[in-house]
Amino acid sequence: GENVEQHPSTLSVQEGDSAVIKCTYSDSASNYFPWYKQELGKRPQLIIDIRSNVGEKKDQRIAVTLNKTAKHFSLHITETQPEDSAVYFCAASKRFGNEKLTFGTGTRLTIIP
Amino acid sequence: ETGVTQSPTHLIKTRGQQVTLRCSSQSGHNTVSWYQQALGQGPQFIFQYYREEENGRGNFPPRFSGLQFPNYSSELNVNALELDDSALYLCASSTGSGLGLSGYTFGSGTRLTVV
């Protein structure tokens, strides 16, 4: 089955700097790669996603890149703000829609004011 | 509000007991998936229901079972509770067919503690 590895497990950056979180996956059949943000005690919330026919996607300060050949994808957050502090999870799925998600182990991002 | 509601929000059970968790899917969604999130870990797929039928299962023993009802709401049942079952149980709804194809919307979860 699919295996998703995520690094780093913790990340601290100064407010205003950029943060990068990286994930690799094992199943070449995976085609959909969402990123979730989870604040303490709350539900995971989708912040951005990318499908395999796209190499990069951007939404304001957040961007995701995908390298299907190398089977890795990354989350980039620019101009970080204190409210970006949370745990971020990457995930992979064979299909957008009702296919199961395989999650990474999470990255705890702390923004230092 | 996302439209996916779970109940109860918190629950404490004794080892060996049985528990039922409930989930109401977002309007228009016909698929419900259940995930277990242990402390400090990513969510792990338990199983999925699509139009009242189980549509995939993760690596969980048979004492984890579920149901989906005609209104697409769902239940997760866990028998013979073990201490390791303590976790946040997340329900997610989605639509897997037609033009309304959508990604997941997660509920807020049920925090289960087994003592």
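To find a chain, count down the sequence lines: A is the first, B the second, and so on, and within it residues start at 1. Values below: all heavy atoms of this structure, side chains included; hydrogens, waters and symmetry mates excluded.
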* To do: Heavy-atom distances under 4.5 Å only: say whether Gln38(A) touches chain B with side chain, backbone, both or neither.
  => side chain
Might you confirm whether atom [atom1] of [X] has over 12 heavy atoms from other residues, nucleotides or ligands at distances under 6.0 Å?
X	atom1	answer
Leu39(B)	CG	no
Glu79(A)	CD	no
Lys22(A)	NZ	no
Arg15(B)	CZ	no
Lys13(B)	NZ	yes
Glu83(A)	CD	yes
Arg108(A)	CZ	no

* Side chain, backbone, both or neither: which part of Asn55(B) has a heavy atom under 4.5 Å from chain A? -> side chain
* Tell me, for Tyr35(B) versus chain A, whether the close heavy atoms (under 4.5 Å) come from the side chain, the backbone, both or neither. => side chain
Rounded to the nearest 0.5 Å, how far does [atom2] of [Y] lie from [atom1] of [X]?
X	Y	atom1	atom2	result
Glu2(A)	Phe45(B)	CD	CZ	13.5 Å
Lys100(A)	Tyr104(B)	NZ	OH	9.5 Å
Lys42(A)	Leu88(B)	NZ	CG	14.0 Å

* To do: Heavy-atom pairs under 4.5 Å with chain B are the metric here; pick the option from Thr105(A), Leu101(A), Leu46(A) that has the most.
  => Leu101(A)
* For Phe89(A) and Gln37(B), what are the C-alpha separation, side-chain angles and deciding distance, and is it a side-chain contact (heavy atoms from CB on, under 4.5 Å)? -> CA-CA 12 Å; Phe89(A) 291 98; Gln37(B) 187 177 21; 3.3 Å; yes
* Asked: Any side-chain heavy-atom pair from Gln6(B) and Arg43(A) closer than 4.5 angstrom?
  -> no
